[in-house]
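Single-structure report; data block below.
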Number of protein chains: 2
Amino acid sequence: MVPTGDPPLKRESSASSTVTMRDVATASGFSSATVSIVLNNAPLARYIAPATKKRIEDAAKKLGYRPNAMARFLRSKRSHSIGVMFFDITDPYCTPILRGIENALYQSSYVPIFADAHNQKNRFERYLEMLLEHHVEALIVVANWLLVDIHLLADVSKRNIPAATICWELDGDTVSSVMVDNEMGGRLALEHLYQLGHRKIAYIRGPKMLIDSGPRWKGIQKFAQSVKLEIDPALVTQLTDSFDANSGFEGGYRFTEELLQKKKRFTALLAFDDLTAFGAIRALTKAGIKVPEQCSVIGFDDVPLSALSAPSLTTIRQPLETMGGLAVQMVMDSINAGLEKRDWTSSRQRVTPELVIRDSTRAASQTAADD
Amino acid sequence: MVPTGDPPLKRESSASSTVTMRDVATASGFSSATVSIVLNNAPLARYIAPATKKRIEDAAKKLGYRPNAMARFLRSKRSHSIGVMFFDITDPYCTPILRGIENALYQSSYVPIFADAHNQKNRFERYLEMLLEHHVEALIVVANWLLVDIHLLADVSKRNIPAATICWELDGDTVSSVMVDNEMGGRLALEHLYQLGHRKIAYIRGPKMLIDSGPRWKGIQKFAQSVKLEIDPALVTQLTDSFDANSGFEGGYRFTEELLQKKKRFTALLAFDDLTAFGAIRALTKAGIKVPEQCSVIGFDDVPLSALSAPSLTTIRQPLETMGGLAVQMVMDSINAGLEKRDWTSSRQRVTPELVIRDSTRAASQTAADD
DNA sequence: TAGCTCTATTGAAACGATTCAATAAGCACT
DNA sequence: AGTGCTTATTGAATCGTTTCAATAGAGCTA
């Protein structure tokens, strides 16, 4: 319809053929070396005449040239991809982390290769193998549960691939890590309940296996000590080790039932994490105890559903999305250091947790004292 | 300590150098062509002597040989990766789909490259570009919300890359799709409430923009007609179009409040999806109406949190993990068809939804009739 | 003994980029 | 007129595989 100078049927539009760099070279009248230099803005581009640059860029655009990532990598050793391994994506708190990682990588035009170990060691190893085959430039491991560190450490550091863990730390200094300050989080949680006037508080501690459990409990104890609050051992239980991400909910349910059977009264419950808290709320509700009217409940993590549940959950927020971004930053720094042959030492980041007050906690004075 | 025939210090263990195929070739005493044939079990491997195979495999294992995915691809045109694009991973019902996709790919030794469009068109396009650069062999798009199909269709089909959508359908027959049978789901939901004896039922319909909204409502209407149940227009609202995955919750909350203000009584509420249902429950609870004692609520999707919330949510289950797996199967079939130069036509799968009865619904006879 | 089919193996040419060293022209100095 | 510097461009090697065509011995048939 519209008359233009272009020939009506161009090859580019019809064929599914791949446009290679050589095509751009011949189309623009320069060599592929020049094309490569211009299109990558390589150091030598300083010497390329502006007119040349323009002609090449125009040709590339016109042909719809897209560099072949594989060919590029084969030569330059850079895959522009990084491996992101989760131990169990089913765990609701993984999603914000994934979002954080994805977003940060997007900014750097890196692509995440996603892996989910399903909490199985052999699966973890197989994925590691696959990621290495794909020559990821770095590795981020989100380890909510246990992992065997030997192989990760060996394989990864041997090949000089930067690695970072989120929610987990490894011995040695080869692998960076991002974690929340669990001790501070524990303190914040108890402090909140204490300030609301609660004194008879039940606790569901995290499983031994988990790296978070210890520090969180330590923070609780320290705060209790500082205000001379007695922690009644009869009101303390601990989740058992398990490989199932949903075990938190079931554990919270079961151990709350146990606590209730003891007939020891408590006006608040401090759960290891949000899932545990949900389990606890379920058990309390089933026993006819209203949350927060008769019992306050506080969680830890601030998983996405905590804001949606009824009642919405007061919790200690981990800045999960931020943590994902930080991990990316760390491995990126390391990649760049390697590229520029600078030295680089792994680091251990601690992010600060934050109290989020919602509907599952209220002042003890408003709490009905009896069952 | 243990005396072996091996020399004490092997090159392999110390260096971070890459073991190439040529290394395996020289170590085993054969040519790299033979090594390639053996290690890939290529057609020509029929003619290779068993002893040769063994020697090559041993050498490869001993050296810790790992094929270079990039070099391999450059030659064979196969990246062994597929692109997985989400429109908003934040939406809780994406996680099971991701799990399903990941698991199916793992079985085929394919690797997923993860992309999240954040519901933004330009981001979607940029990611498409990146995925094509990485030469993914196929594309799976999980489109919970709207998307502009023109470019997807054009770019993808032009390059003969198989594509499948989950929770969305495209015009034309280039792109396969997996969807739940929404009409049946709508019917199941109303049927459940009806069988519980509910007659005064409020409805929160899905936003116009969403492909699911229409059929779901149609199923509801058809069932109502079949049992001569009158749908009171005053008890019907519709979510407004929005790009925010969380809008379901807020919408559910707001429109339930609106319904309550009308003072029209209802004993049950049928929500468009689970998030909407949670919003509705929040509003009902806030208004002093207990769920399910005074009002039953049913959702749709069965997102992971539906089982954990208090009360746990009765809902229509979409087999999300299965759907992810199906999509993988489809694109895999298509990839293989392309490889074997067979013909292949895209298909549209419908999976059946399933009623999951939990605690948010109960018989109308047990429902307190007045507010 | 020529001709054929199997078995067993390999040389060498791709694949599509990057990058180093080489070339060459122009200009400004001593 | 020789030397050195800057600008502008390119030829050719290289990355690590895959794969086609070639080679060659061996056993079988006619």
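Throughout, protein chains are lettered first and strands after them, A, B, ... in sequence-line order, and every chain is numbered starting at 1. Keep in mind that the numbers below use all heavy atoms, side chains included, and drop hydrogens, waters and symmetry copies.
A straight line from CD of A:E133 to C1' of D:dG16 spans 13 Å, rounded to a whole angstrom. B:L39 places its CG atom 11 Å from the C1' atom of D:dT17, with the value rounded to the nearest Å. Distance B:L63 CG to D:dG16 P: 15 Å, rounded to the nearest Å. If you take CZ of B:F73 and C1' of D:dT17, they are 12 Å apart, rounded to a whole angstrom.
A heavy atom lying under 4.0 Å from DNA chain D marks the following residues of residues 41-53 of chain A, by number: A:L44, A:Y47, A:I48, A:A49, A:T52. Within residues 26-33 of chain A, the residues having any heavy atom under 4.0 Å from DNA chain C are, by residue number, A:A33.
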Give me the distances for all protein-to-nucleotides 15-17 of chain C N/O pairs that come in under 3.5 Å?
| from | atom 1 | to | atom 2 | distance (Å) |
| --- | --- | --- | --- | --- |
| C:dC15 | O3' | B:K77 | NZ | 3.4 |
| C:dC15 | O2 | B:R75 | N | 3.4 |
| C:dG16 | OP1 | B:K77 | NZ | 3.1 |
| C:dG16 | N2 | A:A71 | O | 3.3 |
| C:dA17 | OP1 | A:Y65 | OH | 2.9 |
| C:dA17 | OP1 | A:N68 | N | 3.1 |
| C:dA17 | OP2 | A:T20 | OG1 | 2.9 |
| C:dA17 | OP2 | A:M21 | N | 2.3 |

Tabulate atom names and distances for all N/O pairs under 3.5 angstrom spanning the protein and nucleotides 24-26 of chain C.
none

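Across B:M70 and A:L74, no two heavy atoms sit closer than the pair CB-N, 4.5 Å. Contact record, A:I161 with A:A138: CG2-CA, 3.6 Å, taken as the closest heavy-atom pair. Summarising the geometry of B:I37 relative to B:A45, their closest heavy-atom pair is CG2-N, 3.5 Å, with the distance given to 0.1 Å.
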Inset, instruction - Would you check, one step at a time, whether the test side chain to side chain contact (heavy atoms under 4.5 Å, CB included) holds for A:F114 with A:D116? - result: CA-CA 7 Å; A:F114 174 85; A:D116 182 354; 4.0 Å; yes
Inset, instruction - Kindly determine whether B:F73 and B:H135 satisfy ring pair (Phe, Tyr, Trp, His ring centres under 6.0 Å), including the steps that lead there. - result: CA-CA 9 Å; B:F73 166 71; B:H135 287 257; 5.3 Å; yes
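In B:D173, the CG atom is not crowded: 12 or fewer heavy atoms of neighbouring residues, nucleotides or ligands sit closer than 6.0 Å.
Salt-bridge formation is not detected for the pair A:D58/A:K62: no Lys NZ or Arg NE/NH1/NH2 atom is positioned less than 4.0 Å from an Asp or Glu carboxylate oxygen. Residues A:D88 and B:R99 are paired through a salt bridge, judged by an N-O separation under 4.0 Å between the basic side chain and the carboxylate.
For the 3.5 Å distance criterion, the side chains of B:R66 and B:T18 fail to qualify, holding no donor opposite an acceptor. If you check the side chains of A:R72 and A:S79, you find no donor sitting under 3.5 Å from an acceptor. Residues B:N103 and A:R123 have side chains that bring a donor and an acceptor to within less than 3.5 angstrom of each other. Residues A:N336 and A:R342 bring no donor and acceptor atom of their side chains to less than 3.5 Å of each other. Side-chain atoms of A:E102 and A:Y110 form no donor-acceptor pair, as typed in the model, at a separation below 3.5 Å.
Residues passing the salt bridge (Lys or Arg N to Asp or Glu O under 4.0 Å) test with B:E133, sequence neighbours excluded: none.
Comparing the helix axis at one end of the helix from C:dT1-D:dA30 to C:dT30-D:dA1 with that at the other, each defined from 5 consecutive pairs, gives an inter-axis angle of 60° (nearest 10°).
Taken from OG1 in B:T95 to CD in B:E321, the straight-line distance is 11.0 Å, to the nearest 0.5 Å.
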